[in-house]
Amino acid sequence: MRRFTALFSICFCLNVVYATEPAFHKVDVREGEGVYSLLRRYGLNDQTSIDKFYELNKLNPEAPLIVGKAYFLPVLVYQYDGKSIRSTIGIDDWDLAVRIAEFNRTLLDRGLRESPYDENKILWVPFFELGQKKPIAEKAATKPAEKAATKPVEHKLTMRMPLFGEEFENVTVQSQKLKGKVFYVVSGHGGPDPGAMSEAAGNTICEDEYAYDVSLRLARSLMEHGAIVEMIVQDPNDGIRSNKYLKCDKDEVTLDKKQMPINQLLRLKQRVHNINNLHKTYLKEGFKDQTVICIHVDSRGPSSRQDVFFYYYEESESGKRIALALQETFRKKYQENRSGRGYKGTVTCRSLYELRHTDPKAVYVELANIQNAADLRRILPEENRQALANWLCEGLMAASK
């Protein structure tokens, strides 16, 4: 997957068109769906869409959805005028028109549209893009006293990243704190090598699966703050997973879709080669701030309980600075969330191959001891894996200031 900052659009599936004025579309709820899962099904995971859904349907946030009942979606359906998106909607913003066109093309590519909007004359527009343009259906239901001016809706770039899996593939940039910075996220082992292994409740725990899940979550968090992210190890099927016990497999490949060799040194050389080639490309494009973060799960004796700890290459002062920033972030997070326990995660210099040979500054993370029952509780629950990713992202942002 090249350059996560490439623009993709979120996805909607509509099958009704309303005269020449836009109106909100209605859809039926599937069994087991709540508000968030319904909106995620249509790619509407931004806060503007969520708030609008409750408003349109006059719902209390605590109210359940009724299976088979039709609800308004915060999606506008326009009769395409056959000329342009701008003339259809009545806008002058060319960039906005491009986003809407990409949005519709994405639906077509995914089989959610039967034909292009310029053929069937049906144009689909997410409400958050045109939050101030009141559709005719809403105007009729709005009392004069309620027509108070509202603040402009700020557009936030949303990217579609299938590698993250269907539930998490739509990534909305929330800030630009990491704008112009490139991160290479490298999850440990993979392919023919599962890494360290243990057993829990009759399930086989493989290091590479948990390192990969945290890596995906970290990549997504970094992107939410404007970073360019390259996932060096990729699994075409897994995505971000909510399961406690992640199935072990061997189908991981490199970002250029090459198989991983069995020999460990060859695998490491393959990854370093990918990183260094990309590093040169990004440098030519003006991206000077580049960082490698390698994520692993350690294996020690069953009685050895380990907090998250970090390695850097002894000749890299910038790598050391990042490792110390990560350590300090985890110390604060432990203090906030596990007061009284203390944090004993270390920062150590080591001459590991990836740390030595990657051209960008690099840091190596060990999330837990896979053999220790208490440490396993740090990586088995989904919420803990997300917390690890969030804290790593926060530490990297602190190091980037």
How close do [X] and [Y] get, counting heavy atoms only, and between which atoms?
{"X": "A97", "Y": "I85", "result": "O-CD1, 3.5 Å"}
{"X": "D235", "Y": "Y212", "result": "N-OH, 2.8 Å"}
{"X": "P192", "Y": "I262", "result": "CG-CA, 3.8 Å"}
{"X": "H225", "Y": "C393", "result": "CD2-SG, 3.9 Å"}
{"X": "Q290", "Y": "P360", "result": "O-CB, 3.5 Å"}
{"X": "G395", "Y": "A325", "result": "O-CB, 3.9 Å"}

Spacing of [atom1] belonging to [X] relative to [atom2] belonging to [Y], to within rounding of 0.5 Å:
{"X": "S299", "Y": "D375", "atom1": "OG", "atom2": "CG", "answer": "11.0 Å"}
{"X": "F183", "Y": "I232", "atom1": "CZ", "atom2": "CD1", "answer": "13.5 Å"}
{"X": "R378", "Y": "L367", "atom1": "CZ", "atom2": "CG", "answer": "8.0 Å"}
{"X": "E114", "Y": "I122", "atom1": "CD", "atom2": "CD1", "answer": "9.0 Å"}
{"X": "N237", "Y": "L163", "atom1": "CG", "atom2": "CG", "answer": "10.5 Å"}
{"X": "L222", "Y": "S400", "atom1": "CG", "atom2": "OG", "answer": "8.5 Å"}

[Y] side chain reached by [X] side chain, heavy atoms, under 4.5 Å:
{"X": "R241", "Y": "E209", "result": "yes"}
{"X": "Y282", "Y": "E285", "result": "yes"}
{"X": "L326", "Y": "V347", "result": "no"}
{"X": "K52", "Y": "F72", "result": "no"}
{"X": "L216", "Y": "M231", "result": "yes"}
{"X": "V35", "Y": "L65", "result": "yes"}
{"X": "L218", "Y": "L396", "result": "yes"}
{"X": "L392", "Y": "V214", "result": "yes"}

Side-chain donor-acceptor pair present, [X], [Y], cut-off under 3.5 Å:
{"X": "Q386", "Y": "N390", "value": "yes"}
{"X": "T204", "Y": "E199", "value": "yes"}
{"X": "S115", "Y": "N120", "value": "yes"}

- Message: My understanding is that only one of Q176, K181, K177 makes a side-chain contact (heavy atoms from CB on, under 4.5 Å) with K179; could you say which?
- Response: Q176
Please work out which of the three classes, parallel, tilted or perpendicular, describes the rings of [Y] and [X], given edges at 30° and 60°.
{"X": "H296", "Y": "Y364", "answer": "parallel"}
{"X": "F127", "Y": "F24", "answer": "tilted"}
{"X": "Y311", "Y": "F309", "answer": "perpendicular"}

- Task: Could you walk me through whether L268 and L352 pass the side chain to side chain contact (heavy atoms under 4.5 Å, CB included) test, one step at a time?
- Result: CA-CA 10 Å; L268 295 176; L352 298 172; over 6 Å; no
- Message: Show, in sequence, the C-alpha distance, side-chain angles and deciding distance for E382 and S242, and conclude whether the side-chain hydrogen bond (donor to acceptor under 3.5 Å, both in side chains) test is met.
- Response: CA-CA 5 Å; E382 176 192 15; S242 59; 4.6 Å; no
Is [X] reaching over with its side chain to a backbone N or O of [Y], donor-acceptor style, under 3.5 angstrom?
{"X": "Y312", "Y": "K361", "answer": "no"}
{"X": "N369", "Y": "S304", "answer": "yes"}
{"X": "N57", "Y": "Y71", "answer": "no"}
{"X": "R385", "Y": "D213", "answer": "no"}
{"X": "T88", "Y": "D81", "answer": "yes"}
{"X": "K121", "Y": "D118", "answer": "yes"}
{"X": "Y184", "Y": "H279", "answer": "yes"}
{"X": "R356", "Y": "Y313", "answer": "no"}
{"X": "R267", "Y": "P261", "answer": "yes"}
{"X": "S198", "Y": "I370", "answer": "yes"}

Around [X], counting heavy atoms of other residues, nucleotides and ligands shown, do more than 12 lie under 6.0 Å from its [atom1]?
{"X": "N60", "atom1": "CG", "result": "yes"}
{"X": "L265", "atom1": "CG", "result": "yes"}
{"X": "E119", "atom1": "CD", "result": "yes"}

- Task: Show the numbers, then the answer: is there a salt bridge (charged side-chain N to carboxylate O under 4.0 Å, His left out) between K333 and E336?
- Result: CA-CA 5 Å; K333 292 300 181 181; E336 292 171 5; 3.7 Å; yes
- Message: Run the side chain to side chain contact (heavy atoms under 4.5 Å, CB included) test on M260 and R271 for me, step by step, so that the C-alpha distance in whole Å, both residues' side-chain angles and the decisive distance to 0.1 Å come before the verdict.
- Response: CA-CA 9 Å; M260 298 180 189; R271 297 175 189 195; 3.4 Å; yes
- Determine, for E224 against R220, whether the closest basic-nitrogen to carboxylate-oxygen distance falls under 4.0 angstrom. yes
- Before accepting this row, confirm whether a basic side-chain N of the pair R331/E328 lies closer than 4.0 Å to the acidic partner's carboxylate O. yes
- Query: Do D238 and K247 pass the salt bridge (charged side-chain N to carboxylate O under 4.0 Å, His left out) test, and can you show the C-alpha distance, the side-chain angles, and the key distance before you say yes or no?
  - Reply: CA-CA 9 Å; D238 285 343; K247 183 180 178 181; over 6 Å; no
- Item | Criterion side chain to side chain contact (heavy atoms under 4.5 Å, CB included) on V272 and K269, from CA distance to verdict | CA-CA 5 Å; V272 168; K269 286 184 175 181; 5.7 Å; no
- Query: Can N372 and R300 be said to form a side chain to side chain contact (heavy atoms under 4.5 Å, CB included), step by step?
  - Reply: CA-CA 8 Å; N372 181 271; R300 302 191 179 191; over 6 Å; no
